[in-house]
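Scroll down for the structure; my scribbles are underneath it.
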2 protein chains.
Amino acid sequence: MILAPSRPGIYARGSETVDHILKAALGVLIDEGADAFTLRRIAARCDMKVGNVSYHFPRKEMLIQVMLDEMLESYDKLLEEMVRKPGLVAEERLKLVIILCLDDIQTKRTTHLFTELWALANQSAFVADRVRLFYGKVHEVIGEYVAQVNPALSADEVHSVALFISASMEGSTPFLGHQKPWAHKMPVFTAMAAMSLVHLAKTVTSRDLAGLMTEAA
Amino acid sequence: MILAPSRPGIYARGSETVDHILKAALGVLIDEGADAFTLRRIAARCDMKVGNVSYHFPRKEMLIQVMLDEMLESYDKLLEEMVRKPGLVAEERLKLVIILCLDDIQTKRTTHLFTELWALANQSAFVADRVRLFYGKVHEVIGEYVAQVNPALSADEVHSVALFISASMEGSTPFLGHQKPWAHKMPVFTAMAAMSLVHLAKTVTSRDLAGLMTEAA
DNA sequence: ACGAATATTTGAAGACTGTCCAATATTGTT
DNA sequence: AACAATATTGGACAGTCTTCAAATATTCGT
């Protein structure tokens with residue numbers, strides 16, 4: 001089990017410095033990539049010496065872990081804000097979540113951070129764990145609406161559909177995300193996703209998910 | 001315009017060495033990630049000294065470019081092999097391509113390489129360019145079948161649908177790829193993808209793609 | 001305003017990195 | 001067999017990186 005490291009910074013000044021470091025670290029990762037994610041660049045970004053970063057985060061790994069936790073927490077909040085829309089039925093909510101997610105994917109922040117995260121998860125058990133937990137929540141949110149528009153599905157089937165919807169959206173990141181080759185097609189992509197994925201959620205049957213590969217070729 | 005660097009290695013021995021270096025480099029990227037992608041690790045993997053790698057590839061960037069070109073070329077071949085299946089109508093071919101692509105995504109090689117590539121494309125214009133060219137071909141292959149199952153679509157609309165199909169499949173990589181959290185759900189994911197994406201290709205209309213956000217909220 | 005706790009700077013250690021070069025070994029051709 | 005072209009080794013180089021310890025500066029409760 002991997003636990004969340006507690007955040008350093010006792011005095012008001014130190015606490016602010018920790019804020020600056022974390023913000024700068026995220027900025028470096030977004031703007032310059034994992035390759036440039038060094039203490040020196042992070043320190044330079046908040047006009048500070050390397051030793052000070054090293055003082056507040058004795059190990060670089062700690063900085064990464066705290067930064068990742070805060071970042072994913074902010075996305076959790078974003079996700080919850082999407083949900084809190086009054087006066088909508090499940091199908092409308094599902095459609096709205098799709099639209100808002102694809103909208104967020106277009107930001108530089110999300111496009112860069114999540115592509116980096118998917119790569120880092122290949123090697124780092126910590127990153128892989130946090131990514132898994134985060135998307136688990138995403139699937140829960142989406143699954144809630146899937147279950148409502150298609151009550152016949154079992155809990156596991158609902159999760160499978162939510163997983164497909166989530167993956168379909170995330171897959172747009174490297175291709176239609178911020179400054180990606182087909183970014184200009186995001187509007188039509190969104191229209192297709194909303195239509196196709198909502199239709200899938202409403203019409204898919206246990207039979208569809210059970211039959212599997214029997215008639216593949 | 002970025003050109004493909006020509007491959008060094010004049011004598012038979014040197015040519016073999018270049019092969020080993022390229023294979024080892026790809027192995028390092030797959031097994032240990034971009035962070036461990038150093039000349040020394042690559043050299044160690046093929047029992048050779050750093051200076052020799054440096055001799056065959058005077059700049060590290062050259063090694064990266066040659067490696068990436070050869071790798072994407074191998075995927076091009078794989079893609080063409082998928083296409084050459086006799087006696088199938090367009091819909092069956094589309095379904096088969098989806099199944100084979102998702103099958104390939106489950107390999108460690110593809111799961112790791114493409115997630116790394118998407119991240120590297122954020123910073124490297126060269127990687128971004130090659131990724132764009134590669135997926136351009138993917139869209140062409142898929143688009144060919146989309147156009148056949150849905151002749152009413154314009155060329156641009158066909159590409160949009162192909163882009164959506166491709167992105168939906170690629171999106172499975174970080175979640176259902178090799179040793180990813182929901183890898184065990186790839187069979188049901190494949191069933192859903194084949195059904196849903198083929199249905200989309202057959203039934204989507206110009207109207208669907210033009211209406212856009214008019215009734216979003 | 002004093003003094004302890006905290007923050008920051010400075011400097012340096014030790015381990016990396018990519019690149020380069022001279023010496024040596026191997027290859028292919030004549 | 002001789003000889004030039006190519007390949008390989010081993011080491012040096014100037015950087016960079018993280019980490020650490022000592023010295024200095026700042027903050028906060030008293």
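If you're wondering where the values come from, they're calculated on a predicted model, not measured in any experiment. Sequence lines set the chain letters: A, B, ... in the order given, protein chains first and strands last, and positions in each chain run from 1.
- Applying the 4.0 Å criterion to OP1 and OP2 of C:dC16, one finds that B:Arg40 has every side-chain N and O outside that range.
- Note on B:Thr38: every side-chain N or O is 4.0 Å or more away from OP1 and OP2 of C:dC16.
- Between the CE atom in B:Met192 and the CD1 atom in A:Ile165 there is a gap of 8.5 Å [rounded to 0.5 Å].
- Taking atom CD of residue A:Glu61 and atom P of nucleotide D:dC17, one finds them 19 Å apart after rounding to whole Å.
- Whole-Å rounding puts the A:Phe57 CZ to C:dT8 P distance at 12 Å.
- Within the 4.0 Å cut-off from OP1 or OP2 of C:dC16, not a single side-chain nitrogen or oxygen of B:Arg41 is found.
- Between B:Lys49 and D:dG10 there is a side-chain N or O to OP1 or OP2 distance below 4.0 Å.
- If you check D:dT8, C:dA7, D:dT19 against the side chain of B:Asn52, the one that comes closest is D:dT8.
- Rounded to a whole Å, the CE atom of A:Met62 is 13 Å from the C1' atom of D:dT18.
- Whole-Å rounding puts the B:Glu16 CD to C:dT27 C1' distance at 12 Å.
- Considering all non-hydrogen atoms of both residues, B:Val158 and B:Gly143 come closest at CG1-O, 3.2 Å.
- Each of C:dT27, D:dC28, C:dT19 was ranked by its minimum atom distance to the side chain of A:Tyr11; first place goes to D:dC28.
- The salt bridge (charged side-chain N to carboxylate O under 4.0 Å, His left out) with B:Asp31 is formed by just one residue from the set B:Lys23, B:Arg41, B:Arg45; it is B:Arg45.
- One N or O on the side chain of B:Thr115 and one on the backbone of B:Thr111 form a donor-acceptor pair closer than 3.5 Å.
- At whole-Å resolution of the value, CG in A:Asp35 and P in D:dC17 are 10 Å apart.
- Residue A:Ser54 is classed as a base contact, given a heavy-atom separation below 4.0 Å to a base.
- Taking 4.0 angstrom as the limit, B:Tyr55 places a side-chain polar atom (N or O) nearer than this to OP1 or OP2 of D:dA7.
- No side-chain donor from either of B:Thr17 and B:Asn52 sits under 3.5 Å from a side-chain acceptor of the other.
- Look at CE on A:Met48: it is 15 Å from P on D:dT26, rounded to the nearest Å.
- Here A:Lys60 lies in heavy-atom contact (under 4.0 Å) with sugar-phosphate atoms only.
- At the phosphate of D:dT6, neither OP1 nor OP2 sits under 4.0 Å from any side-chain N or O atom of B:His56.
- Side-chain atoms of A:Val50 lie closest to D:dT19 of the nucleotides D:dT19, D:dA5, D:dT27.
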